[in-house]
Amino acid sequence: MRKVLALAFLLLCQQVVWAQRNIETRLGYSYNDDFQFSDEWQYLSTDVYLFNGNRFTRVLNELETGARKPKKKYGNVLEYLLITAQLKNMKVFGNDDIVYPLYNFYIDSDKDDYQTQVSDHQEVVRLIDKMPLASNTNIDAIINAKAITNGESNQVFSLVANQLMNISKLTSPTGAVLSLVGEFGNLLSARTTRREYKFSSTIRLYEGQDFDTRLHSVRVYVFVPSDVKKVDIKTIKLTDYLQKHPNKLDRRQLEEMAGYKDYPYMIVANYKSLYKMDVLTGDEVTLDLIEKRKIKIQTAYDQKLINDETFRQEKLYVEFLRVFADMKQNLNTYRLNYRNNSPEINAKNLFGIIQEYKRLKSTYDAREREFKDNSGYINIFKPEYEAILANADLYLEADHNLKNGKLLVKTLRDLENDPKEWNTPEKREAALTRLYAVELPKAEFLSASVEGEAILRLIKKLEEMQYNEVFSKEVKLLGETEATDETVPQRNVLLEKGTASKCQTCRDKVKEAITDYNKRYDTYKLKQALQHKEGLNQAAETTVFKFLKRHCASKITCKLFRQQLTRCWTSTSAACTKRTLSSVTPLKRWIS
């Protein structure tokens with residue numbers, strides 16, 4: 001019984017010693033780049049570099065310094081050195097934290113010392129590549145090193161079993177998840193043959209995409225026994241190197257700048273990548289392509305490859321592309337049928353282009369207002385909106401009708417957004433000139449659409465303002481003015497002014513006023529003619545009777561002449577009076 005108690009006491013002491021003198025993973029250096037990473041930098045890549053691998057022998061042997069060495073007697077010898085990384089907040093793997101097996105080295109014992117089979121130049125391990133992050137969330141790797149005795153092999157199996165159980169909870173495992181399952185299989189296979197294991201299946205969700213990537217942070221972890229008090233890393237040189245090389249690090253230079261030789265250490269470099277859109281040109285945009293893009297972004301969102309904000313921006317961009325595609329369809333119809341259609345049909349086709357172009361501009365304005373402080377929109381999506389708009393502008397340079405249509409849209413937008421654009425008669429005239437430069441469909445057709453109704457409403461408002469400010473006083477004054485020869489210049493000035501204006505309402509009302517004036521002027525001229533006739537009649541009568549009184553020798557002749565004059569004077573024709581007067585001279589000769 002005493003022997004059993006003594007054995008139990010020794011085993012307990014051994015476990016306490018190992019628990020107290022386990023390998024510590026000490027953070028020796030931390031660096032965060034000064035670059036301001038906004039939310040659109042939503043992908044993380046992590047590289048792991050292991051240095052001084054041959055110094056693990058020192059670490060393992062110093063674990064037992066000053067303590068009893070019962071390993072030979074009781075068989076508890078170190079057998080493996082396992083290094084793992086634990087990643088938190090990796091939503092692509094569900095809500096459970098994932099532990100990556102990085103290295104597993106076999107430990108050999110030579111008399112009283114341990115030896116590790118760790119090469120001194122381990123290549124870089126890309127742990128994860130372009131993994132999506134939630135907004136404002138970092139994924140930090142927690143590095144852990146554990147020396148495992150030959151009696152603790154079950155810990156490795158337990159680690160593998162727990163991770164496989166976590167993965168099994170996923171309803172739709174991705175390729176990244178399945179590659180991690182393969183790594184656990186490789187770990188177990190390497191252990192059974194006592195081979196070195198190194199993580200090799202980079203967890204990658206995007207292949208062949210040219211992401212903008214830059215260094216986010218660096219951590220240096222040193223593997224030491226617990227009684228080591230100080231880790232001396234040359235932080236100044238290392239910091240200077242990292243600041244000058246934010247895009248790619250070199251293993252040899254990292255080792256040189258760190259300048260640390262005492263114990264094994266690991267450098268964990270985290271990179272962030274900017275979300276990259278599928279860039280399109282205007283000619284590529286079709287309704288079929290838009291539908292494929294919509295499905296693609298929905299699939300990416302369902303697989304958690306893009307975050308909520310990016311998904312929202314992509315959907316809004318798809319809506320914008322759909323408006324552009326509708327404009328292109330109307331443009332193709334216009335081009336194909338312009339020479340064959342009637343003017344009315346051509347006007348409707350042209351208005352369809354104008355309609356979609358204005359919607360395109362309005363959609364862009366809405367995005368600008370809504371996301372004026374959104375860095376993701378500004379840095380990623382806005383340039384693509386502007387590229388599509390540039391294509392639309394270029395399409396509308398094809399002929400004078402399309403150019404006038406583009407100018408009409410610009411005029412509408414200026415007038416709708418800034419009242420100062422119509423605050424003077426000159427500005428209103430210029431605006432109406434541009435609005436009437438396009439042969440639009442009839443008002444009944446225009447009023448059936450939002451854009452058409454807006455055009456009619458705006459033209460009406462401009463013309464009412466123009467008439468009231470420029471023409472109404474003069475029109476009223478002409479209506480109250482007496483129509484005489486003296487006031488004709490006033491009429492002519494108003495007529496010339498109305499003819500020169502593009503205000504259709506103004507021209508119509510000026511025309512009505514001129515027509516009314518002309519009627520009054522005709523009456524005035526007729527009255528003048530009648531007065532002139534009466535004067536001529538009186539002059540003729542006076543002259544004729546004057547000669548009759550002096551020279552009439554024949555009563556018969558006088559009687560006939562008197563009858564002729566009577567008929568003529570009773571006539572309203574001034575010409576008759578002139579003829580009568582013209583007969584006076586020969587009559588005078590005859591009488592004499």
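We number each residue from 1, following the sequence as shown. We use all heavy atoms of the structure for the numbers below, so side chains are in, but hydrogens, waters and symmetry mates are not.
Under the 4.0 Å criterion applied to side-chain N and carboxylate O atoms, Arg322 and Asp326 are not assigned as salt-bridge partners. Electrostatic pairing of Glu314 and Arg293 counts as a salt bridge here, judged by a charged N lying under 4.0 Å from a carboxylate O. By the 4.0 Å N-to-carboxylate-O rule, Asp399 lies too far from Lys403 to be salt-bridged with it. The existence of a salt bridge linking Glu474 and Lys509 is excluded, since no basic side-chain nitrogen approaches an acidic carboxylate oxygen closer than 4.0 Å. Under 4.0 Å is where a charged nitrogen must lie from a carboxylate oxygen, and between Lys382 and Glu368 at least one such pair does. Between Arg312 and Asp308 no salt bridge is recorded (no basic side-chain N to carboxylate O distance below 4.0 Å). The pair Lys406-Glu397 counts as a salt bridge, with a side-chain nitrogen and a carboxylate oxygen less than 4.0 angstrom apart.
Using a distance-only test at 3.5 Å, with no hydrogens or angles considered, no donor-acceptor pair links the side chain of Arg457 to the main chain of Gly452. Side-chain N or O atoms of Asn270 include none that pairs as donor or acceptor with a backbone N or O of Val218 at under 3.5 Å. Remark: the backbone N or O of Ala387 is paired with a side-chain donor or acceptor of Asn391 at under 3.5 angstrom. Checked by atom type and distance alone, the side chain of Gln466 pairs as donor or acceptor with a backbone atom of Pro425 at under 3.5 Å. Gln42 places no side-chain N or O within donor-acceptor distance of the main-chain N or O of Ile306, the cut-off being under 3.5 Å.
You'll find the ring centres of Tyr317 and Tyr385 inside the 6.0 Å limit.
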> Which is it for Ser362 and Asp365 under the side chain to side chain donor-acceptor pair (under 3.5 Å) test, yes or no, and what are the steps along the way?
Replying inline: CA-CA 5 Å; Ser362 299; Asp365 289 344; 5.2 Å; no

> Where do Arg367 and Glu319 land on the salt bridge (charged side-chain N to carboxylate O under 4.0 Å, His left out) test, with the steps shown first?
Replying inline: CA-CA 11 Å; Arg367 303 289 185 269; Glu319 293 177 5; 3.5 Å; yes

>> Apply ring pair (Phe, Tyr, Trp, His ring centres under 6.0 Å) to residues Trp41 and Phe35 and explain how you reach the verdict.
In response: CA-CA 11 Å; Trp41 292 82; Phe35 182 81; 5.4 Å; yes

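A side-chain hydrogen bond (donor to acceptor under 3.5 Å, both in side chains) with Ser501 is found for exactly one of Arg428, Glu429, Arg507, namely Glu429. Each of Lys244, Lys237, His245 was evaluated against Tyr241; a single residue qualifies, His245, per the side chain to side chain contact (heavy atoms under 4.5 Å, CB included) test. Checking each of Tyr31, Tyr271, Phe37 against His216 for a ring pair (Phe, Tyr, Trp, His ring centres under 6.0 Å) leaves exactly one that passes, namely Phe37.
Under the 6.0 Å distance and 45° angle rule, Arg359 does not count as a cation-pi partner of Phe324.
Taking CG of Leu321 as the start and NZ of Lys294 as the end, the distance is 12.5 Å to the nearest 0.5 Å. We find the CG-CG distance between Asn32 and Leu215 to be 9.5 Å, quoted to the nearest 0.5 Å. We find the CD-CZ distance between Glu344 and Phe445 to be 8.0 Å, quoted to the nearest 0.5 Å. Atom OG1 of Thr333 sits about 6.0 Å away from atom CG of Asn349, to the nearest 0.5 Å. How far CD of Glu291 is from CG of Leu289: 10.5 Å, rounded to the nearest 0.5 Å. Atom OG1 of Thr499 sits about 7.5 Å away from atom CD of Glu496, to the nearest 0.5 Å.
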